[in-house]
Protein chains: 2
Amino acid sequence: MKSRKLYNRIAVLRKERNISRKELAEIIGVNFQTVGYLEREEYNPSLDLAFKISEYFGLPIELIFSTEPLKPLIEEIIELKNKIGGQ
Amino acid sequence: MKSRKLYNRIAVLRKERNISRKELAEIIGVNFQTVGYLEREEYNPSLDLAFKISEYFGLPIELIFSTEPLKPLIEEIIELKNKIGGQ
DNA sequence: ATTTTTTGTTGTATATTTACAATATTTTAT
DNA sequence: ATAAAATATTGTAAATATACAACAAAAAAT
């Protein structure tokens, strides 16, 4: 099965926590270059690795990974604010 | 990275929809034997395949796949009923 | 009861993910 | 400005996921 390219927010989430790829890599138990590949979306993680990343960030997989290109978080926030504010 | 064994509810969910492995396989675009391997938990799906399965069932990945052995759905229901009923 | 469909099993081949190393480039700290 | 740390790039090797085939066993349908 030709795998679709998946998108992710690993780089941004990692930046927000102020940790390096090396540190994240150690936590989730992979080589630090593997984190690089994932952030550059050069390949998709295994489901197990996706779970580890999801566990570390404390976020559901769907919020980190997506089959659709991901909008910047700031835009998501604005959209949500508009939705709520409009009540 | 040695991948952890993951657990899933594909077989039960598929039974509930009354479709065969062959049919599910066609829908998600894999060989029907691959569905067999997944149901028997002989290997983990790729993240992309997990997304496809999640899309077909209309359920989040976390409800289908887990790093912990999964309880039968019926038990989950009982636990939820107890939680709510106890209010 | 027998045919058909579904599922399980085993084996081999290919594709994708991950590890690892070496070096270049960029960013950050001093 | 220079040193140190972080990231990018490239290539090779290993592990895991997927495809596919052939056949056995079990379940469902007739």
Side-chain angles (χ1 to χ4, degrees), chain A residues 1-57 59-62 64-70 72-73, chain B residues 1-57 59-62 64-70 72-73:
Chain A
M1 182 206 46
K2 172 108 189 59
S3 214
R4 290 173 294 184
K5 175 197 170 64
L6 299 180
Y7 304 87
N8 73 72
R9 294 198 219 268
I10 300 173
V12 200
L13 294 171
R14 182 173 63 75
K15 280 289 173 200
E16 285 195 326
R17 314 242 164 164
N18 262 300
I19 59 169
S20 70
R21 285 187 183 165
K22 200 155 157 287
E23 289 167 302
L24 175 57
E26 273 156 26
I27 293 166
I28 62 181
V30 295
N31 193 277
F32 84 99
Q33 325 215 32
T34 298
V35 175
Y37 280 106
L38 295 177
E39 290 192 354
R40 276 175 261 124
E41 293 166 343
E42 287 185 32
Y43 55 55
N44 302 331
S46 64
L47 181 56
D48 182 34
L49 184 47
F51 264 115
K52 284 193 188 133
I53 294 167
S54 147
E55 282 157 17
Y56 169 68
F57 286 118
L59 299 171
I61 288 179
E62 284 83 356
I64 306 176
F65 299 94
S66 167
T67 57
E68 299 295 316
L70 288 159
L73 286 173
Chain B
M1 182 205 48
K2 171 109 187 59
S3 214
R4 290 173 294 186
K5 174 198 170 64
L6 298 181
Y7 305 86
N8 73 71
R9 295 199 219 267
I10 299 173
V12 200
L13 294 171
R14 181 173 62 76
K15 280 290 172 199
E16 284 195 327
R17 313 244 163 164
N18 262 300
I19 59 169
S20 70
R21 286 187 183 165
K22 198 155 158 290
E23 289 168 302
L24 175 57
E26 272 156 27
I27 293 165
I28 62 180
V30 296
N31 191 277
F32 84 100
Q33 327 216 33
T34 298
V35 175
Y37 280 108
L38 295 178
E39 289 192 354
R40 278 175 261 125
E41 293 166 345
E42 286 185 34
Y43 54 56
N44 302 331
S46 64
L47 182 55
D48 182 33
L49 184 47
F51 265 115
K52 283 192 188 133
I53 294 167
S54 146
E55 282 158 17
Y56 169 69
F57 286 117
L59 299 171
I61 288 179
E62 284 83 356
I64 306 175
F65 299 94
S66 167
T67 58
E68 300 294 317
L70 287 159
L73 285 173

Practice item. Would you kindly give the CG-to-C1' distance between B/L38 and D/dT18, to the nearest whole Å? Key: 9 Å

Practice item. Could you tell me whether A/K52 sits above the aromatic face of A/Y56, with NZ or CZ closer than 6.0 angstrom to the six-membered ring centre and within 45 degrees of the axis? Key: no

Revision key, fill the gap. note: B/E42, atom CD; C/dT9, atom C1'; distance rounded to Å ~ 8 Å

Practice item. Looking at every strand, decide which applies to B/E39 at a 4.0 Å heavy-atom threshold: base, sugar-phosphate, or nothing. Key: nothing

Review point. What about A/Y37, does its side chain sit under 3.5 Å from the base of D/dT10 through a donor-acceptor pair?
Key: yes

Exercise for review: Could you tell me whether a side-chain N or O of B/E26 sits under 3.5 Å from a main-chain N or O of B/E23, the two making a donor and an acceptor?
Suggested key: no

Check your understanding: Over how many whole Å does the gap from A/N18 atom CG to D/dT7 atom P extend?
Key -> 11 Å

Check your understanding: Can any side-chain N or O of A/N44 pair as donor or acceptor with the backbone N or O of A/R4 at less than 3.5 Å?
Key -> yes

Practice item. Please report the shortest heavy-atom distance between A/L47 and B/I61, naming the atom on each side. Key: CD1-CG2, 4.1 Å

Review point. Roughly, in whole Å, what's the span from NZ in B/K22 to P in D/dA28?
Key: 18 Å

Point to revise | Distance (rounded to the nearest 0.5 Å) between A/F57 CZ and A/I28 CD1 | key: 7.5 Å

Check your understanding: How long is the line joining CZ of A/R40 and P of C/dT18, in whole Å?
Key -> 14 Å

Review point. Which of the following nucleotides, C/dT18, D/dA17, D/dA22, is nearest to the side chain of B/Y43?
Key: D/dA17

Practice item. Indicate whether OP1 or OP2 belonging to C/dT18 is found under 4.0 Å from a side-chain N or O atom of A/N31. Key: no

Check your understanding: Atom CG of B/L6 and atom C1' of D/dA17: how far apart are they, to the nearest Å?
Key -> 13 Å

Point to revise | Under 3.5 Å donor-acceptor pair, A/E23 side-chain atoms to D/dA6 base atoms | key: no

Check your understanding: Under 4.0 Å between a side-chain N or O of A/S46 and OP1 or OP2 of C/dT18?
Key -> yes

Practice item. For D/dT16, take OP1 and OP2 only and decide whether either is under 4.0 Å from a side-chain N or O of B/N44. Key: no

Review point. If you find the nucleotide of DNA chain D closest to B/K15 and the one closest to B/T34, which residue's nucleotide is nearer the 5' end?
Key: B/T34

Review point. D/dA17 C1' sits how many Å from A/L49 CG, rounded?
Key: 14 Å

Review point. Rounding to a whole Å, what distance do you find between A/F32:CZ and D/dT9:P?
Key: 14 Å

Practice item. Give B/K5 one of three labels, base, sugar-phosphate or nothing, depending on what nucleic acid heavy atoms sit under 4.0 Å from its own. Key: nothing

Check your understanding: Out of C/dA19, C/dA22, D/dC20, which nucleotide sits closest to the side chain of A/Q33?
Key -> C/dA22

